[in-house]
Amino acid sequence: MRSIRILAWLWLLLAPVAASCQVVSARWMALHDNAVGRGVMAAAQTPDGYLWVGTTEGLKRFDGLEWRGLGESGDDRRSVSDLLVDPQGRLWGASNDALLRLEAGRVVEISRIGMPGASIKRLRWIHGALYLATTVGIYRYSADRGLVLLSGSGNMGFFDVAPDPGGAGLLAGAFDGLHRWNGKAWQHEPGSTPNPLVIAMARDAGGRLWLGGYTMRPLLANGLEGPAEGPAQRIRRVAVLSNGELWVGTNSDGLYIRDSQGRWRRGDRHLRGESINAIFEDNERNVWVSTTGSGLHRFALIGNEVTDFDDGLPTKLLASVASDGEGGFWLATYGSGLVHVNGLREVRRVETPCGDMLLSLAWQPFDTLWLGGEGGLCRLRGGRVEKLPGLVGVMSLAMGHDGGLWVFNRSEVRLMRDGRTISRIPRPDDGDGAIMFGMQDAGDGGVWLASGSGVARVGPWGWRDVDRHGEVEALLASEASHAWLLQRGQLVLLEADGTRHAIPSMPGTWLLWIDAAGDLWQIGRSGAARTNARALRAALESGRAPPRWESFDEADGHGAVQPSGVGPPSIVALPEGQVAYVALGQLRVGSLSPPGRPYSIVHVDVVAVSAPGLPTVADGQQLPPGQRSLQIRYTAANLREPQALRFRYRLLPADTAWSAWTGERSLNLAQLPSGRHVFEVQAWLPGREVSAPARFRFTILPFWYETWWARILGVVVLMVLATLATLLALRVRMRRLIEHKHELEQQVEERTRKLEKANRQLEELANTDALTGLANRRVFMEASDQEWRRMRREGGSLALLMIDIDHFKAYNDGYGHAAGDGVLRRVAGALAASVQRPGELVARYGGEEFVALLPNAGRKEASVVGERMRENVAALAIAHAGNDGFRVVTVSVGAATSMPADGSIDAVQARADAALYAAKSSGRNRVHLDNNT
């Protein structure tokens, strides 16, 4: 039982980061296998933001949500093995021995090599010209001369070409290594390795050229190849990313990554054992990696890399993390002992005399690891592990600012130096009180301690309680003057004298951190937030409003991170502003602060237009008479946040006002009049500028009776007939008016009064429920049918709520029908007060059943209104002895929203009715949303 309590209160060491937060890691985001298959060979991005991939089935375009092929012609479907976007934004492609270019949405063959066995391996833009590395030599393309073979390279097979770092010439990679072009001839450069093959090349920010073949090696400043570097072998693709990392794709061993400091690691586990076909970074810092086996993967240069159970971690109970000083990490686990993760993210267990139940680690630069747990205190140094005598049940370790080691077990706190005890401070409660955990050096010769009852300070002065406000969920303390706490849903600034300043914490927060910029971080289950710690402290101490918190969610690499099962995660600082921390079954390595999001041009396109009987409608096309409807699909490219894009449209000249912003990417136009029309659509990403409109023009030809001459003739005939009819009617009318003028005037006046009164009474009876004063069922049916047709015509959604008074029959039986009528009237008033937006309607459906119609509402709005109705009725507090469990009058609510599969409003109402039945079946006095909503 004591061990369980220790685990429940385990706390971990925190310390500020000591470097700027600039470096970010790549995080696996998605596998686009079903969309483009396993035949992706190349990728590129055009200035309009679209991602283009070359596949064995042709060229495909990706807007962030949908892949789209170009067409059905032979050129559009031919295999594309490489892609390149030149400085003018033109997209070039290679297919066997043919050079292709995208023009006006079509793939056009620009030139062909035409030699037996010729195949284009790589396209490169060098010194303002397009170069082709092929199996029969190096070619240069120009618009006036076409493809020109560089002298002396004929019948020589090349895989890649790059500018020569030492001059204005070229370097080409081949089976026998590098070849250098001096402007007149090729010169073979013997390599420094026994396997000189060069199949891929990439230049980093420092100007160094990396050569990939059987091994990975750099081209040195003296023009010679350096020795093989890193674990990658049999290389197929090489790419240098914007964060300075070198990504190396192998033939059958997945991906290897070299960071800007020269450290190598294995790529993501999703790629291990794969053959890499392409590596490409787009302008939104997504990295696309194509494999032969599983297809196209997307990584984002945000957030953290993750090492977890699938990567070999033996348990999910991770207690503490410490750097090994060599790019790897030590992990203390509860149940699996000490675990080491090296720079390649390879995992191995390390046996120690301290057993498997480890709780805390402390790294003492530059060669010592301290580990503590149920089995005692151990020291790992120089590859040897020794156990220090006299200590058991070590719960927490902390390195002191002067090199001392603080050790806390169940009965005391010790200060040790080089394994010898300097001082001992016993617990005042002799270990029988609240479990103590979480020890952090204060920098003044003492430490802070967090517990299930509060916070204490321990040092040469002894043991002093500072706070007794209950369980501490998180502690961040690196100074003697103050500490930051998470306690009972609050972020607390605790002064050394016990003074407290508290504000609400971010929901779900379980970790606190201060980075090198002085920003205080809250990290939780749904994301992270930061603000300046010094400004926050000053505001709290002076009673002013705290500064604004900047939030980061899943798109920034945060979210969906649970605390460890043996306590909150441990976190350590790494070089280049990165951190490593442990959560439930995960080691996360990366930067807390995401990079600034690059600007992405929002470019909108009309991608497809169709009509009944016309699968494709071209821009400017004339449609036959009677063609009154069109379906228009439009899109815009955004590869990071495609769901955040919003669109608006209008149809000129009929509608000059823009529609409301919507996330829908298709529109059905109906009841179109004949004439010329221009459809315009704009795209917008919050925080960015609205795009220029895309336009689609079409004309609907009129029927003969809709032509201008038919209309003029019709108007003339109608005017003649109307004139004759008017003259005849006036003649008869005048005669009757003269004879009965007085009588008719009286009759008209009397009948007018009676008719107005009858109309008012009839309208009131027809539209109003007599008992409740609400709209009746007929009004609801007309309104729902009208809103359904409007929704289908304009797009959007609607929600429908069915409301039923719980156990109303029992109320009538127990209190009488007169009281029941009163309940109906009061419930009706509460329901009517629950709707707030224009157009929302509440009606009595029959008996004790009511219905609500919410135009332009989705699942969230339906849930909010339903809960408001339920709470307003319950707030009436009408006694109802027959309503078991509640004893007051309550209602059950079933809600459903419109779906594409719903053919009519009746289908939505049926789903809402079924949801009402589910609400009543699961206990009444609740709101139930249809599962398909």
Side-chain angles (χ1 to χ4, degrees), residues 19 21-29 200 202 204-205 208 210 212 215-218 227-276 279 281 285 287-289 291 297-313 318 321-331 339-350 363 557 571-582 586-592:
C21 294
Q22 296 295 329
V23 178
V24 294
S25 300
R27 190 159 65 99
W28 187 86
M29 300 295 289
D204 62 23
R208 180 167 39 184
W210 290 92
T215 60
M216 197 72 206
R217 53 202 188 273
E229 181 175 340
Q233 296 182 357
R234 301 180 66 196
I235 289 107
R236 297 191 66 190
R237 292 290 184 269
V238 181
V240 176
L241 305 188
S242 60
N243 64 354
E245 291 180 337
L246 176 69
W247 284 37
V248 181
T250 68
N251 186 59
S252 60
D253 197 24
L255 194 70
Y256 286 83
I257 300 173
R258 181 186 188 274
D259 67 20
S260 58
Q261 299 302 306
R263 297 182 294 259
W264 287 90
R265 66 180 188 274
R266 287 295 301 271
D268 191 89
R269 66 174 182 273
H270 295 87
L271 302 177
R272 293 179 186 176
E274 293 273 17
S275 178
I276 308 299
I279 304 172
E281 181 184 4
R285 308 198 77 179
V287 183
W288 302 84
V289 179
T291 71
H297 298 255
R298 180 169 70 93
F299 296 80
L301 292 184
I302 58 174
N304 318 109
E305 282 187 300
V306 176
T307 301
D308 59 19
F309 199 76
D310 291 334
D311 297 306
L313 292 184
L318 309 180
V321 61
S323 170
D324 66 0
E326 298 178 353
F329 310 95
W330 294 102
L331 297 176
V339 174
H340 184 249
V341 182
N342 66 16
L344 295 178
R345 303 301 183 260
E346 296 170 337
V347 181
R348 67 179 178 93
R349 293 184 59 185
V350 179
W363 174 254
I571 186 168
V572 295
L574 301 177
E576 300 182 67
Q578 293 193 308
V579 295
Y581 63 94
V582 290
Q586 293 183 345
L587 167 66
R588 291 186 167 235
V589 182
S591 173
L592 290 177

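Using a 4.5 Å heavy-atom threshold, the side chains of H297 and D268 count as separate. By the 4.5 Å heavy-atom criterion applied to side chains, W247 and V289 are counted as neighbours. Contact annotation: the side chain of F299 never approaches that of L241 to less than 4.5 Å [non-hydrogen atoms, C-beta and beyond]. Side-chain contact between T291 and H270 is absent, with no heavy atoms from C-beta onward closer than 4.5 Å. R258 has its side chain out of reach of V248: every pair of non-hydrogen atoms, C-beta onward, lies at least 4.5 Å apart. The closest side-chain heavy-atom distance from R266 to D253 is below 4.5 Å.
Closest of all the heavy-atom pairs between A202 and V238 is CB-CG1, 3.5 Å. Closest of all the heavy-atom pairs between A580 and V589 is CB-CG2, 4.1 Å. Taking each heavy atom of R349 and V339 in turn, the nearest pair found is CG-CG2, 4.2 Å. For the pair P227 and P218, the tightest heavy-atom approach, listed with the atom from each and the gap, is O-CD, 3.6 Å. Closest approach of I279 to A239, counting heavy atoms only: CG2-CB, 3.7 Å.
Side-chain atoms of Q261 and R263 form no donor-acceptor pair, as typed in the model, at a separation below 3.5 Å.
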Open item on the list: Run the side chain to side chain contact (heavy atoms under 4.5 Å, CB included) test on V572 and W363 for me, step by step, so that the C-alpha distance in whole Å, both residues' side-chain angles and the decisive distance to 0.1 Å come before the verdict.
Closed with: CA-CA 10 Å; V572 295; W363 174 254; over 6 Å; no
- [ ] Show your reasoning for whether side chain to side chain contact (heavy atoms under 4.5 Å, CB included) applies to M216 and L246.
- [x] CA-CA 11 Å; M216 197 72 206; L246 176 69; 4.0 Å; yes
Open item on the list: For V347 and L331: C-alpha separation, side-chain torsions, deciding distance, then whether side chain to side chain contact (heavy atoms under 4.5 Å, CB included) applies.
Closed with: CA-CA 10 Å; V347 181; L331 297 176; over 6 Å; no
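F329 CZ to D324 CG: the interatomic distance, rounded to the nearest 0.5 Å, is 7.5 Å. Between atom CG of residue N243 and atom CZ of residue R285 there is a gap of 6.0 Å, rounded to the nearest 0.5 Å.
Cation-pi check for R265 over Y256 is not met; the charged atom does not lie both under 6.0 angstrom from the ring centroid and within 45 degrees of its normal.
Between H340 and W330, the two ring planes are tilted [angle within 30° to 60°].
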